[in-house]
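To keep things clear, I will list the structure first and then write my remarks on it.
These numbers come from the heavy atoms of this one structure, side chains and all, not from hydrogens, waters or symmetry mates. Labels below follow one simple rule: chain letters A, B, ... track the order of the sequence lines, proteins then strands, and each chain is numbered from 1.
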2 protein chains.
Amino acid sequence: MAGKNRGIIDLSSSLTDIWRVLSDVEREKLRGNARILHFKKNDLIYTEGETPKDLMCLFKGKVKIYKRGVGSRNHIIRILCPVHYFGYRAYFAREPHVSSASAFEPCTVCFLPMELIEQFLRKNGNLALFFIQMLSVDLGVADNRVVSLTQKHVRGRLAETLLLLKECYGLEEDGATINIYLAREDLANFSNMTTSNAIRTLSNFVNERIIAIDGRKIKIIDEERLIKVSRIG
Amino acid sequence: MAGKNRGIIDLSSSLTDIWRVLSDVEREKLRGNARILHFKKNDLIYTEGETPKDLMCLFKGKVKIYKRGVGSRNHIIRILCPVHYFGYRAYFAREPHVSSASAFEPCTVCFLPMELIEQFLRKNGNLALFFIQMLSVDLGVADNRVVSLTQKHVRGRLAETLLLLKECYGLEEDGATINIYLAREDLANFSNMTTSNAIRTLSNFVNERIIAIDGRKIKIIDEERLIKVSRIG
DNA sequence: CTATATTTGTGTTTTTAAACATAGTTATAT
DNA sequence: ATATAACTATGTTTAAAAACACAAATATAG
């Protein structure tokens, strides 16, 4: 795990979701145990097999959660934007991490000891519900995603990924360009296809005037079509 | 939702996991609100789009949780054996069911109102942890499964499924036959392949003396090989 | 700023799995 | 008990995606 520097950050405004459901005593205790780390582009935040110790909260930057697959093919499980919590599932399941997390771009992450969190949530029903809800939503997303990834064709999968990226990271000032700078390989690993297929399919979308590309920047020209392609393949 | 008859069943011995973490007051309240229903083979227990109302606990029988996919292709997300809880995820995520549950064979299911459960777990940290753990384990399983289903080849996926079935439902008295009676179509839907591919690949496994089949009954002859095939494809 | 490594783009070939067709078999309902 | 429907088995064809190859463009490190 790389990362350094203790930033001067207002926890109460950054950890909003959790902060809201904590008591004053809990807040104080948490404040004293929070560590804030910075990661450079491509830095590993945690990795498969590691023992989970902290609840992590992405304050700034973009993160991918991914798994080693067959051969050297990675699979991106999900992508994160601020403010989202991660890294806690494996702790609760009492098992090592089954995935890795790394920074797409420079990130600020807050680390909170899971032991403390577990201690709190045993007494604090709202905090417990907070985790139950996050896990429940993520499990629902996973259930839906597996059908898309296994049953849709390449075009449908890539279209879905582009829409997810837009959903997660939003658009730039032009109201069309997806606000993330991704290698074709990441696009492929998030869409269950080879890099060449991602490149080729992206080119096809350009020819069909569904998107426009400028290097790694992707502009959505015809969202209706993209949604349709995502649905029917 | 089909089902009938109020069975005479000892809740305390059947709901062991939850029962253990409840207070006496909670137990009494739950006892008064539990409904026990019986389902016939192939009966639907709940279905996609329905509003989740109950925590369900499988007392007896075998259940599949599945999703409608592209075209008429279903995807089996997971299979359940007694005693396992299900149907609560969507309630916690505050959304309709994204999956359906149906009975592989005659089943006994206990229904507990989710409102009551949520009310309890807000005060009862152990109950909250119980759900957090179940969700965390299931999410980890889902994360692993998606890589298998998307990256392994047909042989590897089917081998993995056979091993999962053995894990879940165990073996018959002969110590080799998997204790479940499944159509090839279900096998296919659980392994992300077409029915013909499930049939063909099963035949191949028979020719290779990895398994033996007698109608729908599958006997594992060479588990080592099956594990190897599951790993390397 | 330049050299080197990585990524992107395209064409071609090969492999894998789906789709289709059809016959035989087994369940199921009446 | 028999008719009907559903499932299983196998061969053949077609389509989709992976693998491979290589040139061009672009990042990145020193």
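Distances shorter than 4.0 Å separate none of the side-chain N or O atoms of A:Tyr181 from OP1 or OP2 on D:dT26. Between C:dT7 and A:Arg216, no contact under 4.0 Å exists linking OP1 or OP2 to a side-chain N or O. Checking the phosphate oxygens (OP1, OP2) of C:dA18, a side-chain nitrogen or oxygen of B:Thr194 falls inside 4.0 Å. Dashed line: the shortest gap from a side-chain N or O of A:Asn197 to OP1 or OP2 of D:dA18 is under 4.0 Å.
Each of A:Gly215 and A:Met193 was matched to the nucleotide of DNA chain D holding its nearest heavy atom; the match closer to the 5' end belongs to A:Met193. In terms of position on DNA chain C, the residue among A:Ala183 and B:Ser196 whose nearest nucleotide sits closer to the 5' end is A:Ala183.
Here the side chain of B:Glu160 pairs no donor or acceptor atom with the backbone of B:Ser148 at under 3.5 angstrom. Using modelled atom types, no side-chain atom of B:Lys62 and backbone atom of B:Ile79 make a donor-acceptor pair closer than 3.5 Å. Between the B:Gln151 side chain and the A:Val70 main chain, a donor and an acceptor come within less than 3.5 Å of each other.
Remark: C1' of C:dT8 and CZ of A:Phe205 are 17 Å apart, rounded to the nearest angstrom. Between the P atom of D:dT8 and the NZ atom of B:Lys217 lies a distance of 14 Å, rounded to the nearest Å. Atom CD1 of A:Ile213 and atom P of C:dT8 are 10 Å apart (whole Å). Computed from coordinates, the A:Arg184 CZ to D:dA25 P distance equals 15 Å when rounded to whole Å. B:Asp214 places its CG atom 10 Å from the P atom of C:dT26, with the value rounded to the nearest Å. Distance B:Leu158 CG to D:dT8 C1': 15 Å, rounded to the nearest Å. Remark: P of D:dA15 and NZ of A:Lys152 are 23 Å apart, rounded to the nearest angstrom. Taking atom CG on B:Leu187 and atom C1' on D:dC7, their separation rounds to 13 Å, with Å as the unit.
The environment of CZ in A:Arg68 is sparse: at most 12 heavy-atom neighbours from other residues, nucleotides or ligands sit within 6.0 Å. Remark: A:Arg145 CZ is packed, more than 12 non-hydrogen atoms of other residues, nucleotides or ligands lying under 6.0 Å away.
Within the 4.0 angstrom heavy-atom criterion, base atoms lie near B:Arg200. Nucleic acid contact class of A:Ser203 (heavy atoms, under 4.0 Å, all strands): sugar-phosphate only.
Between B:Phe104 and B:Tyr169, the ring-plane angle classifies as perpendicular under the 30° and 60° cut-offs.
You'll find that the side chain of B:Ile199 is closest to D:dT10, out of C:dT8, D:dA17, D:dT10. Taking only side-chain atoms of A:Arg73, from C-beta outward, the nucleotide of D:dT8, D:dA18, C:dT16 with the closest atom is D:dA18.
Because its NZ or CZ atom is both nearer than 6.0 Å to the ring centre of A:Tyr91 and within 45° of the ring axis, A:Arg94 counts as a cation-pi partner of that residue.
Annotation: proximity of residues 63-71 of chain B to DNA chain C (heavy atom, distance under 4.0 Å) is found for no residue.
Across B:Arg78 and B:Asp138, no two heavy atoms sit closer than the pair NH1-OD2, 3.6 Å.
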